[in-house]
Protein chains: 2
Amino acid sequence: MKLANEDKGFLALYLDSKYEKPSVTVDAVIFRLINKENKNYRKLPEKKLQVFLTKREYPPFKNYFAAVGSFIDLNNELSESMKLCVKNKVNLDNFYHEQLFTFGDKSRDPRTRVISISYLLLTNEDSVLSNGEWFDIDLKQINCYKEQKENGYSQKQTINLTLKNENSVLENELLIELEKNSLEEKKQIQIKNSTLAFDHIKIIFYALERLKNKLEYTDIIFNLLPEKFTLTELKQFYEVILDEKLLDANFRRKTSKMVQATNEFLTGRGHRSSQLFKHNPNWTMLNLD
Amino acid sequence: MKLANEDKGFLALYLDSKYEKPSVTVDAVIFRLINKENKNYRKLPEKKLQVFLTKREYPPFKNYFAAVGSFIDLNNELSESMKLCVKNKVNLDNFYHEQLFTFGDKSRDPRTRVISISYLLLTNEDSVLSNGEWFDIDLKQINCYKEQKENGYSQKQTINLTLKNENSVLENELLIELEKNSLEEKKQIQIKNSTLAFDHIKIIFYALERLKNKLEYTDIIFNLLPEKFTLTELKQFYEVILDEKLLDANFRRKTSKMVQATNEFLTGRGHRSSQLFKHNPNWTMLNLD
DNA sequence: ATAATAGTGTCTTTCAGACAGTATAGT
DNA sequence: ACTATACTGTCTGAAAGACACTATTAT
């Protein structure tokens with residue numbers, strides 16, 4: 001990848017400003033799993049998936065909640081920009097992250113053309129973030145129309161995505177349109193109603209979808225868990241994200257290779273004590289044994 | 001998502017130029033599947049996965065091959081920019097596409113900071129592209145060191161990605177480093193040796209990985225096929241992309257719901273004639289019957 | 001007749017789903 | 001004793017893998 005001499009000459013002449021440029025931001029959707037308050041000494045606490053949002057201090061969307069983000073610094077790599085942003089704005093240091101999607105709709109920012117490179121971040125209950133609030137995530141399908149066409153089908157779904165905590169309830173509505181036939185396959189997500197800044201509710205929805213999908217074929221969930229956990233806790237965390245009940249015996253079989261038992265037990269709960277497990281990072285998707 | 005009055009005032013004052021901005025491009029990795037020339041009247045033609053590259057007319061990397069790309073136009077949506085670019089540069093119109101990944105390494109373009117939003121495009125043997133060449137794709141693992149660590153493992157893999165046609169042989173080498181333990185999970189892809197412009201060989205590698213993965217759980221492959229095909233052809237196309245042999249009877253069972261039989265048969269091949277099939281776009285991943 | 005593909009039948013193993021049943025700690 | 005969780009065993013049926021077998025057609 002050396003440059004020819006000709007190239008070097010060209011570089012000197014290159015007019016950096018001749019192309020109109022967009023602004024570029026990084027935005028982080030930060031998730032965690034937590035145990036809610038417990039009423040019954042015997043019962044296990046309810047679990048919740050949460051997202052961390054900050055309240056915008058300046059316009060546009062002043063006082064609206066938004067994902068953690070900032071304009072990028074051209075001297076940093078993209079992921080460095082994101083890490084610095086997260087460190088500076090909400091004081092989060094260690095986390096799992098992956099690039100999610102790049103949003104660039106013309107009108108997504110009223111100021112100017114802004115392209116957002118979004119990231120999915122996972123952390124656990126232990127880390128303390130500043131300068132924002134955690135919100136419980138509730139995702140509900142409001143309706144779903146599926147229509148069989150000559151050569152495929154089309155589907156419209158309305159989704160309610162509510163973010164809630166002790167201070168606020170943020171309701172949001174998305175319309176998901178799917179068109180699939182022999183000529184094309186198209187999926188469109190429109191914001192029908194948002195109480196968040198910009199298109200951030202859409203970004204959060206993408207992040208949720210990615211998380212759910214990866215849950216099924218990777219060990220990504222352990223980035224949301226404390227170091228040690230019981231298998232029932234693990235199961236409940238899966239259930240909360242996937243929004244479906246799992247059968248205990250089957251769950252234990254399926255996850256047995258992703259975890260390793262410790263010698264420790266959790267006691268004092270008014271029922272049989274449960275063994276604590278750790279993540280087994282040697283597990284791979286392909287189960288190469 | 002209405003703006004508060006306060007916001008509107010701010011917009012007038014907003015200094016668009018106060019943040020340093022990067023250049024942004026879109027890059028399209030275009031794949032197709034083709035039948036190679038046939039020697040034996042009786043044998044089925046060999047299949048190949050190909051990528052379409054254009055030779056750069058101007059520096060940097062003048063005369064190097066590159067993915068189809070251009071700087072974005074701020075008046076278009078991102079995917080529109082990509083579609084226009086592909087239409088104008090190589091005259092391709094109808095294709096499957098999805099956003100792939102956003103590449104933004106500081107030094108990926110010698111001119112200035114350039115962020116590339118890449119797309120995966122699929123088309124079939126019928127479409128005629130101009131202004132570039134198709135290259136056969138050969139991916140080979142050169143070596144692989146896996147080391148068991150106290151708490152996980154690390155792995156280094158060297159990959160040779162050769163792009164070849166009647167005019168050129170472009171050899172490229174990538175180093176893939178994987179680090180997985182209880183604290184982090186990191187995958188890094190480095191270009192060790194490239195005969196393409198910029199980091200485009202890395203973009204192509206990402207596209208290949210995406211294609212392979214999606215092959216296993218979607219019906220994406222039909223975007224690479226002609227309207228009608230035999231099941232043996234379909235199987236051979238899978239084999240070429242996945243780089244592994246499949247068993248006929250099992251393959252037919254697994255794909256049976258994704259295709260629909262036509263009444264037509266392919267004859268004149270020196271062996272039993274084979275039924276032609278079409279894609280069944282009603283198939284879904286979840287097999288909801 | 002032969003070479004090469006087209007297509008079917010079936011045995012085995014593995015794994016997901018369902019569910020019954022046993023174990024146990026704290027009040 | 002009771003309650004809520006912890007954990008095991010096993011039946012069933014679906015699907016994946018392996019492979020043997022039959023069918024067909026231009027030369």
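The figures that follow rest on heavy atoms only: side chains count, while hydrogens, waters and symmetry mates do not. Protein chains get the first letters and strands the later ones, always in sequence-line order, with residue 1 at the start of each.
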**Message:** Base, sugar-phosphate or nothing for A:Leu44? Non-hydrogen atoms, less than 4.0 Å.
**Reply:** sugar-phosphate
**Message:** Assuming nearest nucleotide by heavy-atom distance, tell me which of A:Ala249 and B:Thr230 is located more 5' along DNA chain C.
**Reply:** B:Thr230
**Request:** Would you please indicate yes or no on a ring centroid separation below 6.0 angstrom for A:Phe237 and A:Phe229?
**Result:** no
**Asked** Hey, which of these two, A:Glu233 or B:Tyr41, hits DNA chain D nearer its 5' end, going by closest nucleotide?
**Response** A:Glu233
**Message:** Just the rounded figure in Å: distance from P of D:dA15 to CE of B:Met285.
**Reply:** 17 Å
**Prompt:** Looking only at side-chain N and O atoms, does B:Asn40 come under 4.0 Å of OP1 or OP2 in C:dA4?
**Reply:** yes
**Request:** Could you tell me how the ring of B:Tyr238 sits relative to the ring of B:Phe251: parallel (under 30°), tilted (30 to 60°) or perpendicular (over 60°)?
**Result:** perpendicular
**Prompt:** Is the phosphate of C:dG7, meaning OP1 or OP2, less than 4.0 Å from a side-chain N or O of B:Arg252?
**Reply:** yes
**Message:** Taking the nucleotide of DNA chain C with the nearest heavy atom to each, does A:Gly268 or A:Asp248 sit closer to the 5' end?
**Reply:** A:Asp248
**Item:** A:Lys146 to A:Tyr153, cation-pi by 6.0 Å centre distance and 45° axis angle
**Value:** yes
**Message:** Distance check needed: D:dA6 C1' versus A:Arg269 CZ, whole Å only.
**Reply:** 13 Å
**Request:** Could you tell me how the ring of A:Trp134 sits relative to the ring of A:Phe52: parallel (under 30°), tilted (30 to 60°) or perpendicular (over 60°)?
**Result:** perpendicular
**Separation of atom NZ in B:Lys43 from atom P in C:dA4, rounded to whole Å** = 6 Å
**Asked** Within the pair B:Ser273 and D:dT24, is there a side-chain N or O less than 4.0 Å away from OP1 or OP2?
**Response** no
